[in-house]
Asks: 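I have a structure here, written as structure tokens, and I will follow up with some questions on it.
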Amino acid sequence: MNPPSDDLAAAAAAAAAERLRQVRLRIEQAARAAGRDASQVRLLAVSKTFGAHAVSAMAACGQSDFGENYVQEGVAKIDALRPSWPSLCWHFIGPLQSNKSREVARHFDWVHSVDRLSVAQRLSAQRPVECDGELLPPLQVCLQVNISGESSKSGVPASQAQQLAHEVARLPGLRLRGLMCIPAPVQGVAAQREPFARLRELQQHLVASGLALDTLSMGMSADLEAAVLEGATIVRVGSALFGARAQARR
Ligand SMILES: *Cc1c(COP(=O)(O)O)cnc(C)c1O
């Protein structure tokens, strides 16, 4: 007979598998409605505030991309999980302070929240990182755009995105992949689609200006369908996969 803790672990693993199945189903249905192939949409599991065991359980279900908002928490999880899960892909999606950029450049594969040149320059300079005798590839980055135009939110204003994108695209330690946004929450798919459509149009404008961009990081638990309908290539999903977070930490 299994000890009770094994039963609990098995129940947790089954719950994780079911939530992952549900989220993948939502992505597939939205992709079908948009006439897109669901394989064009990468699911980023946002594991902030959840422990390494929760990430392990998702990884065991085949999930490979994980997103973190806080540098110290993310780095601790990456270090704890690397021995058993060496090929997970880690995305930094939170507000990025200059004094934390080195840790991000050393540990993460992607950064979605670049919103000013000074931080991009630091990340680029700090990225040449050796791992097992090999140089890591450039950091994959998205520019975070303040698409709803809220004064308190982070992100480059849409009007300044083109200039910043061309400056970031020239930095050798980074590879600019596209744009990211966190719109103000609204109800209803039609209203949710508006800011995502604006981000897609901005991306098309940047591509026309000569940048090779292929990534739109948009959509979370509450609005992933709207984002997929407007062309999201990465959706960042936390609570629908891991359950409700205890409280916002910031
Ligand atoms: C927390 C967070 C998410 C996930 O939010 P959920 O509503 O839990 O899906 C996505 N993106 C960013 C930037 C976040 O901070």
Side-chain angles (χ1 to χ4, degrees), residues 15-16 18-27 29-30 41-51 54-55 57-58 61 63-75 77-78 89-97 100-101 104 108-116 119 123 139-148 150 152-156 161 177-189 191-193 195-196 199 215-250:
E18 177 55 19
R19 286 193 298 262
L20 185 59
R21 197 184 67 81
Q22 293 286 349
V23 169
R24 286 193 179 137
L25 197 61
R26 287 175 63 190
I27 293 171
Q29 285 169 345
V41 184
R42 187 164 169 178
L43 173 59
L44 174 53
V46 177
S47 44
K48 65 180 178 206
T49 79
F50 292 93
V55 174
M58 279 294 161
C61 300
Q63 175 61 28
S64 58
D65 289 89
F66 291 90
E68 289 286 335
N69 281 58
Y70 312 106
V71 177
Q72 267 175 297
E73 177 191 339
V75 164
K77 249 175 262 182
I78 292 169
C89 185
W90 290 95
H91 302 241
F92 187 77
I93 62 173
L96 185 47
Q97 288 141 12
K100 304 270 179 67
S101 63
V104 171
F108 286 85
D109 304 292
W110 283 70
V111 178
H112 294 228
S113 44
V114 171
D115 65 357
R116 54 195 192 278
V119 164
L123 288 171
L139 204 50
Q140 312 293 302
V141 302
C142 292
L143 299 189
Q144 182 175 352
V145 179
N146 185 354
I147 203 70
S148 304
E150 298 156 278
S152 60
K153 279 261 179 74
S154 40
V156 62
R177 296 293 297 271
L179 304 179
M180 178 272 231
C181 71
I182 313 172
V186 290
Q187 294 292 317
V189 174
Q192 289 171 348
R193 285 179 72 161
F196 294 143
L199 196 73
T215 301
L216 277 173
S217 168
M218 56 190 199
M220 319 201 309
S221 294
D223 56 12
L224 72 86
E225 283 85 357
V228 170
L229 286 167
E230 291 300 342
T233 64
I234 300 182
V235 292
R236 309 179 309 268
V237 179
S239 45
L241 284 175
F242 292 103
R245 287 180 292 276
Q247 58 180 149
R249 292 200 354 195
R250 281 183 195 168

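Whatever order the structure lists them in is the order used to number ligands and atoms, beginning at 1. Every value quoted in this text rests on a predicted model; they were computed, and no experiment measured them. Hydrogens, waters and symmetry mates play no part in the numbers below; they use all other heavy atoms, side chains included.
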Asks: Scan D65, I93, L224, L43 and name whichever one has a side chain to side chain contact (heavy atoms under 4.5 Å, CB included) with R236.
Replies: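 Among the candidates, only I93 passes.
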Asks: Are the side chain of D115 and the backbone N or O of V156 linked by a donor-acceptor pair below 3.5 Å?
Replies: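 Flag not set: sc D115 to bb V156 has no pair under 3.5 Å.
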Asks: Heavy-atom cut-off of under 4.0 Å around ligand 1: list whichever protein residues fall inside it, by chain and number.
Replies: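 Contacting ligand 1 under 4.0 Å are V46, K48, N69, I93, I182, M220, S221, R236, V237, G238, S239, R245.
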Asks: Return the minimal non-hydrogen interatomic distance between T215 and T233, and the atom names on each side.
Replies: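 That closest heavy-atom pairing would be CA-OG1, 3.3 Å.
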Asks: Just jot down the ring pair (Phe, Tyr, Trp, His ring centres under 6.0 Å) partners of F196, sequence neighbours excluded, or say none.
Replies: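 Listed in chain order: nothing, the list is empty.
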Asks: Exactly one of F108, F66, W110 should register a ring-ring contact (aromatic ring centres under 6.0 Å, His included) with F92. Which one does?
Replies: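 Only one of F108, F66, W110 forms a ring-ring contact (aromatic ring centres under 6.0 Å, His included) with F92, namely F108.
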Asks: Which value, rounded to the nearest 0.5 Å, describes the distance between L44 atom CG and E68 atom CD?
Replies: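 That separation rounds to 9.5 Å.
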